[in-house]
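Following: one structure in structure tokens, then a few remarks.
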4 protein chains.
Amino acid sequence: MVDRILDAAARLLDVSGYDGVSTHRIAAEAGVSPGSIYQYFPNKDAIVAATVERMIERIAAQLAEAFDTVTGTGGADPVRRIVTAVLDATERNRELVRVLVEQMPRLGGSAEIRTIEQRATDLASGYLAGVTNGIPMRRPAMVWLAVQALEQITIRYVLDEPAIDREEFVAELSRLITTFTTLSVVPR
Amino acid sequence: MVDRILDAAARLLDVSGYDGVSTHRIAAEAGVSPGSIYQYFPNKDAIVAATVERMIERIAAQLAEAFDTVTGTGGADPVRRIVTAVLDATERNRELVRVLVEQMPRLGGSAEIRTIEQRATDLASGYLAGVTNGIPMRRPAMVWLAVQALEQITIRYVLDEPAIDREEFVAELSRLITTFTTLSVVPR
Amino acid sequence: MVDRILDAAARLLDVSGYDGVSTHRIAAEAGVSPGSIYQYFPNKDAIVAATVERMIERIAAQLAEAFDTVTGTGGADPVRRIVTAVLDATERNRELVRVLVEQMPRLGGSAEIRTIEQRATDLASGYLAGVTNGIPMRRPAMVWLAVQALEQITIRYVLDEPAIDREEFVAELSRLITTFTTLSVVPR
Amino acid sequence: MVDRILDAAARLLDVSGYDGVSTHRIAAEAGVSPGSIYQYFPNKDAIVAATVERMIERIAAQLAEAFDTVTGTGGADPVRRIVTAVLDATERNRELVRVLVEQMPRLGGSAEIRTIEQRATDLASGYLAGVTNGIPMRRPAMVWLAVQALEQITIRYVLDEPAIDREEFVAELSRLITTFTTLSVVPR
DNA sequence: GATGAATGAGTTTTCATTCAT
DNA sequence: GATGAATGAAAACTCATTCAT
């Protein structure tokens, strides 16, 4: 039942945004009576919050798995593989991501999305530490920018669909991150 | 009259977000009767859209001015000066930017924000063309990524307030863009 | 409009009691849309409060008039005339009184009904002072009991309709008050 | 089971008034499932009615006992002792009395409260008959007024808490009843 | 043009009652 | 008998929109 409600809420959130979600519509979409909702959620916001949480959990799980695969396996060009993993996860959850990005702020804070970012930051720190003899520990600003670049640019690429070839996008974003984090770069 | 309405709407949008805006509150804030609003706008969404359009116009104007100054004057490290200009404009319009980023998607599309991006992209292309012998014309992907990095990371920095020194932020973001767009790295 | 709403509320309060009053029913009874009500009252309780206030005002006015007549005109047996006035007013407003007595407590205090009692108490004090050389000033308990007896017993008589002749009721209640307040009985 | 439900309802009625009572809260308070209630009561009103009935029974029992004691024992000033007994019972059941007086009418009629009054009337008649050579039999109006005065004034005293000393209240109310029922009283 | 009273569909939430288990 | 999940009508209240003045 909780699942039916959350599924319905997710569908509505996806199709019509936060304002398209009303308790009656959720109930109708879930094939449930309005009253029933309140046996599982104290109010509307709790439904939306739970829906979003579930969305994030799913994306986070996919990302974590992808990261594990990347970091577990050695291999050439790990940055490119991370970029690919993030792009994969974002594309696979295109609509979820859109809803999260567009409707999220209205839910006031949402500690959850910070969790994802924290995990990504930690991961990047660890990775960079391995590559650069611990330098990132002393350069949190660099790590923060790298993570933001990875996340935000990927999200914009997936949501805005610029006329850029996927292959090329991956190559360029990888290069961006690599050149930025490889500290030996010599400006022209 | 249109101006009074749009000013009122902007103030409310700024202070209370999209949900805090009602036609009655706009009318009250503007010192106008609710009915009068409908002599100038077909419905509430049109008011908000017009308000947002005006906000964007203002930011765009500020940016354009800053860009002109930067490109007009020669000088060392033009990238850093562009980053500073963008950061300035974003910080000066912090609340407007927040509203735009957070409430924008709900207005469905908004060709306006694309306008800013296009102008920024053009500008960057032009700038890079000057620096690199016309290479950007053949590398739109690179330009797009650079512009996105500049915009999105600055927005996140201003809105999320990470514990990063302003000076350091400017330095790192400038370095990110410089290393990325400086083609000492061999293109694919 | 306010009057139409209050009239409708009064009718519903009378017929169905506090629980029979809903904003929709008031609106329907008044031939008005639910939304209109909220242009004149901030919430349902305010409507009921205003309705009750108006009821009390009416009864108070009738009583005051009756009292004036009684006290203005000299004549035999003023107590009996006061009792008659109170009984008249109560009978004429039978349904209003029923509503007030039965639904009042739920409105939380209601300074208004205290007002009536205060006026009655003042009046009684004044009257007794005239009759007994100012003794009542030193016997507020006696005045309070006399007023309560007059009010409560009359209310019960009108609402419960015991099998007692009206003439006899007036005679007995007058005797009760007279014997009680006539200080031939030696005070403690 | 019925008892558990009625106890729970009584507690809720006492603490939160009629509106604070819901079938779910009764069920929860009674440690019973909402469905079970309907095996013993046809609907919510029946529960409240039964609860009130039981309350009244208890107060009636206490009163009857007090009356028995008073009438059984001879002694000086029996009226004062009856007044004291009624005041005691009312004070001891203050909250029950408040609920009964304030919430009662909403239950529509309630033959029960009449029962108490009838018993009180009978008792008073009997007492007065003993004191006055059977006169009350021919003066039911007087008996009714005396009983009403005793009941209503005591209830108002307990519920409204006027600034009157308990001792003085008992003295005055006793005097009121005594002077009223003692038919030899000579008006000044 | 300007007004603002009036509208009524829509919102979230509650709760007495039912019924399959 | 007992359960408690499910129901759905109804509650109070909001607000974009209209229209007579």
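Chain letters run A, B, ... following the sequence lines, proteins first, then strands; residues in each count from 1. Heavy atoms only: backbone and side chains are in, while hydrogens, waters and symmetry mates are out. Treat the numbers as computed from the prediction; the structure is a model and nothing was measured.
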Handout entry: Pairwise 5' ranking along DNA chain E for Gly35(A) and Gly31(C), keeping only the more 5' one
Key = Gly31(C)
Problem - Any Asp7(A) side-chain heavy atom under 4.5 Å of Arg54(A) side chain - result: yes
Handout entry: Salt bridge flag under 4.0 Å for residues Glu151(D) and Arg156(D)
Key = no
Practice task
Whole angstrom is fine here: how far is it from CD in Gln39(A) over to P in dG8(F)?
Solution key: 13 Å
Exercise for the section: Nearest whole angstrom, please: distance from the P of dT14(F) to the CZ of Phe41(C). Expected result: 15 Å
Practice task
Any chance you could lay out the side-chain contact (heavy atoms from CB on, under 4.5 Å) test for Leu13(D) and Leu96(D), step after step, and finish with the verdict?
Solution key: CA-CA 9 Å; Leu13(D) 217 48; Leu96(D) 261 64; over 6 Å; no
Problem - Which nucleotide in dT7(E), dA6(F), dT3(E) has an atom nearest any side-chain atom of Met1(B) - result: dT3(E)
Practice task
Test Ile26(B) against every option in Val21(B), Val32(B), Val48(B) by the side-chain contact (heavy atoms from CB on, under 4.5 Å) rule and name the one that passes.
Solution key: Val21(B)
Completion exercise
Considering only heavy side-chain atoms of Tyr40(B), the closest of dA6(E), dA2(E), dT14(F) is dA2(E)
Exercise for the section: For Lys44(A) and dT12(E), give me the distance from atom NZ to atom P, rounded to whole Å. Expected result: 4 Å
Handout entry: Atom-to-atom span, CD1 of Ile5(A) to P of dT13(E) - whole angstrom
Key = 13 Å
Practice task
Please state how far atom CZ in Arg25(B) lies from atom P in dA16(F), giving the value in whole angstrom units.
Solution key: 11 Å
Completion exercise
Ile37(C) atom CD1 is separated from dA11(F) atom P, nearest whole Å, by 12 Å
Exercise for the section: Rounded to the nearest angstrom, tell me the gap between atom CD1 in Ile47(C) and atom C1' in dC13(F). Expected result: 11 Å
Exercise for the section: Could you check how far CD1 of Ile26(B) sits from C1' of dT17(F), rounded to whole Å? Expected result: 13 Å
Handout entry: Comparing Val21(C) and Ser36(A) on DNA chain F - which has the more 5′ nearest nucleotide
Key = Ser36(A)
Fill in the blank from the handout: One should read off an interatomic distance between Ser22(A) OG and Lys44(A) NZ, to the nearest 0.5 angstrom, of 7.0 Å
Exercise for the section: Using a cut-off of strictly less than 4.0 Å, decide whether Thr23(B) has a side-chain nitrogen or oxygen near OP1 or OP2 of dC15(F). Expected result: no
Completion exercise
Side-chain contact check for Pro34(B): nearest option of dT13(E), dG4(E), dT17(E) is dG4(E)
Problem - Residue whose nearest DNA chain F nucleotide is more 5′ - His24(A) or Tyr38(B) - result: His24(A)
Fill in the blank from the handout: dA20(E) -> Watson-Crick or G-U wobble partner, both distances under 3.5 Å, gives dT3(F)
Practice task
Would you indicate, yes or no, if dA2(F) has its OP1 or OP2 atom less than 4.0 angstrom from a side-chain nitrogen or oxygen of Ser33(D)?
Solution key: no
